[in-house]
Chemist: 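First the structure, then my questions, so here it is.
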Amino acid sequence: MTSESRRTTTAQSRELGAELRAIRVSAGLGAAEMAAELGWSPGKVSKLEQGWRGASAWDIGALLGRCGADRPTRDRVMVLAGEQHAGWFVRPHSSVVLHERSALTISCYEPMAVPVLLQTEDYARASSTGVDRLAERQAVLHGDRAPDSVFYVREEALRRQVGGPSTMRDQLMGLVFLSWWPHVTVRLVPSSAGTPAELDHGSTVLTYGQGAGPLVHTSTDLVTVFLDDERVVRAHEAKHAVLARLAWDEDRSREAFARLADAFDL
């Protein structure tokens with residue numbers, strides 16, 4: 001095995017690479033054209049955009065200059081380029097889209113709300129989520145290349161009324177509908193599961209292809225915290241293993257969602 005094949009990416013390097021690719025594409029430049037103009041090999045551009053290699057501030061500055069990036073874009077990208085890998089980083093909520101879009105699997109748990117990827121527009125509008133970029137996030141569940149996703153939904157969250165009764169009824173029937181989608185599994189964590197510590201806080205575990213380690217994210221009111229420290233990831237994987245043992249299977253969960261929807265019928 002070569003050193004190249006053992007090399008791994010980080011969530012931060014993939015984020016930087018995605019930013020650089022978007023800037024290049026926005027400038028109307030092909031990868032080979034960009035490489036030729038900067039005196040780089042095509043492989044250097046490809047690996048940089050995929051997060052497989054680092055680049056000096058000089059290289060990134062040259063790329064941004066050739067693409068005509070504006071000052072706010074240059075400042076944002078240079079901050080990303082200079083960020084150290086510490087096992088965690090903080091981003092605006094909108095950054096979740098990038099990391100979910102490239103995931104192979106998603107395992108998500110929210111203790112007191114329907115997970116954002118499963119929310120109806122009315123539910124999102126009535127909750128703290130809001131509808132900004134909701135469709136963009138949920139698009140990750142569409143298509144043949146959608147990640148295999150498991151959502152653990154706590155019964156207490158579904159008995160807590162968000163919006164009016166019709167909003168809750170539609171949301172619950174939405175869970176029934178989504179539970180039939182390819183690549184999507186929705187499982188209920190019943191009240192009878194009790195209150196083990198694993199149910200206290202929400203988290204999402206994302207996995208990727210070869211050379212890219214797992215990533216965990218969890219949200220506060222204002223920002224999303226991403227964690228890829230190996231010990232932290234293992235702890236969250238263990239948490240989700242407990243959730244898998246506590247949750248009902250798909251069929252039983254689907255029946256429960258329909259019964260709960262009936263309870264909100266006017």
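Residue numbers count from 1 along this sequence.
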Chemist: Taking transitive links into account, so neighbours of neighbours count too, which hydrophobic residues share a cluster with M112 at under 4.5 Å side-chain distance?
Modeler: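 Direct or chained contacts put M112 with none.
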
Chemist: Should R101 and E136 count as an ion pair when the cut-off is N to O under 4.0 Å?
Modeler: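 Yes, this pair counts.
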
Chemist: Strictly by salt bridge (charged side-chain N to carboxylate O under 4.0 Å, His left out), give each pair with a member in residues 220-229 just once, sequence neighbours left out.
Modeler: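 Counting only pairs at least two positions apart or across chains, the salt bridge (charged side-chain N to carboxylate O under 4.0 Å, His left out) contacts touching residues 220-229 are D229-R231.
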
Chemist: Going by the rule side-chain contact (heavy atoms from CB on, under 4.5 Å), which residues pair with A69 if we only count those two or more places apart in sequence or in a different chain?
Modeler: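 Partners of A69 by the side-chain contact (heavy atoms from CB on, under 4.5 Å) criterion, ordered by chain and then number, come out as I23, L64, T73, R74.
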
Chemist: For a side chain to side chain contact (heavy atoms under 4.5 Å, CB included) check, start with the C-alpha distance between T224 and T218, then their side-chain angles and the critical distance, and finish with the verdict.
Modeler: CA-CA 6 Å; T224 297; T218 184; over 6 Å; no

Chemist: According to salt bridge (charged side-chain N to carboxylate O under 4.0 Å, His left out), who are the partners of R252, at least two apart in sequence or on a separate chain?
Modeler: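 Result, salt bridge (charged side-chain N to carboxylate O under 4.0 Å, His left out) vs R252: none returned.
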
Chemist: Tell me whether the guanidinium CZ or amine NZ of R14 lies under 6.0 angstrom from the six-membered ring centre of Y208 and within 45° of its axis.
Modeler: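 Checked: cation-pi criterion met.
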
Chemist: Does V114 offer a backbone N or O that forms a donor-acceptor pair with the side chain of Y123 under 3.5 Å?
Modeler: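 Checking the backbone N and O of V114 against the side chain of Y123, a donor-acceptor pair under 3.5 Å is found.
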
Chemist: Whether the S253 and R187 side chains hold a donor-acceptor pair (N or O, under 3.5 Å, no angle test) is what I'd like checked.
Modeler: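 Distance-only check fails for S253 and R187.
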
Chemist: Going by the ring pair (Phe, Tyr, Trp, His ring centres under 6.0 Å) test, which pairs reach into residues 142-163, not counting sequence neighbours?
Modeler: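 Listed by first then second residue: H142-W181.
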
Chemist: Using the salt bridge (charged side-chain N to carboxylate O under 4.0 Å, His left out) criterion, which residues pair with D249? Sequence neighbours excluded.
Modeler: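 Here no residue qualifies.
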
Chemist: Please enumerate all residues that pass side-chain hydrogen bond (donor to acceptor under 3.5 Å, both in side chains) together with R137, with sequence neighbours excluded.
Modeler: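 Only E100 meet the side-chain hydrogen bond (donor to acceptor under 3.5 Å, both in side chains) criterion with R137.
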
Chemist: Verify side chain to side chain contact (heavy atoms under 4.5 Å, CB included) between V153 and E110, making sure each step is shown before the conclusion.
Modeler: CA-CA 7 Å; V153 185; E110 291 292 343; over 6 Å; no

Chemist: Looking at R169 and D262, is any side-chain nitrogen of the basic one under 4.0 Å from a carboxylate oxygen of the acidic one?
Modeler: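 No, this pair does not count.
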
Chemist: Would you tell me whether T167 and Q171 have side-chain atoms, one donor and one acceptor, within less than 3.5 Å of each other?
Modeler: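 Distance-only check fails for T167 and Q171.
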
Chemist: For R159, enumerate each residue passing the side-chain hydrogen bond (donor to acceptor under 3.5 Å, both in side chains) test, keeping only those at least two apart in sequence or located in another chain.
Modeler: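 Residues passing side-chain hydrogen bond (donor to acceptor under 3.5 Å, both in side chains) with R159: E155.
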
Chemist: Could you report the tightest heavy-atom contact between L134 and T120, atom names first, then the distance?
Modeler: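 Minimum heavy-atom separation between L134 and T120: CD2-O, 4.2 Å.
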
Chemist: Among pairs that include at least one residue of residues 214-250, which meet ring pair (Phe, Tyr, Trp, His ring centres under 6.0 Å), considering only residues two or more places apart or in two chains?
Modeler: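 Pairs touching residues 214-250 that pass the test: F89-F226, H99-F226, H217-F226.
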
Chemist: Quick one: closest heavy-atom pair of R76 and E19, and the distance?
Modeler: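 So the minimum-distance heavy-atom pair works out to NH2-OE1, 3.0 Å.
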
Chemist: Check whether any side-chain N or O of S46 sits under 3.5 Å from a backbone N or O of P42 as a donor-acceptor pair, and report yes or no.
Modeler: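 No, the answer is negative, given that no donor and acceptor are paired below the 3.5 Å cut-off.
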
Chemist: How is the hydrophobic cluster of L222 composed, in terms of its other members, when Ile, Leu, Val, Met, Phe, Trp and Tyr link through side-chain heavy atoms under 4.5 Å apart, directly or indirectly?
Modeler: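 So far as hydrophobic clustering goes, L222 is joined with W88, V90, V205, V216, V223, V225, L227, V232, V233.
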
Chemist: So, for A157 and A113, which heavy atoms are closest and what is the spacing to 0.1 Å?
Modeler: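 Looking at all heavy atoms of both residues, the shortest contact is CB-N, 3.4 Å.
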
Chemist: With R66, which residues qualify under side-chain hydrogen bond (donor to acceptor under 3.5 Å, both in side chains), at least two apart?
Modeler: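 For R66, the residues satisfying side-chain hydrogen bond (donor to acceptor under 3.5 Å, both in side chains) (neighbours in sequence not counted) are E37.
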
Chemist: Check L117, V116, D122 against Q119 for a side-chain contact (heavy atoms from CB on, under 4.5 Å) and give me the one that passes.
Modeler: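 Exactly one option meets the side-chain contact (heavy atoms from CB on, under 4.5 Å) with Q119, and it is V116.
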
Chemist: Going by heavy atoms in the side chains, are E156 and R160 under 4.5 Å from each other?
Modeler: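 Side chain of E156 against side chain of R160, heavy atoms only: no contact under 4.5 Å found.
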
Chemist: Test your reading of the model: is there a side-chain donor-acceptor pair from S149 to the backbone of P147, 3.5 Å cut-off?
Modeler: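 A pair under 3.5 Å: yes.
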
Chemist: Just distance, no hydrogens or angles: give the donor-acceptor pairs under 3.5 Å from side chains in residues 193-200, sequence neighbours left out.
Modeler:
none

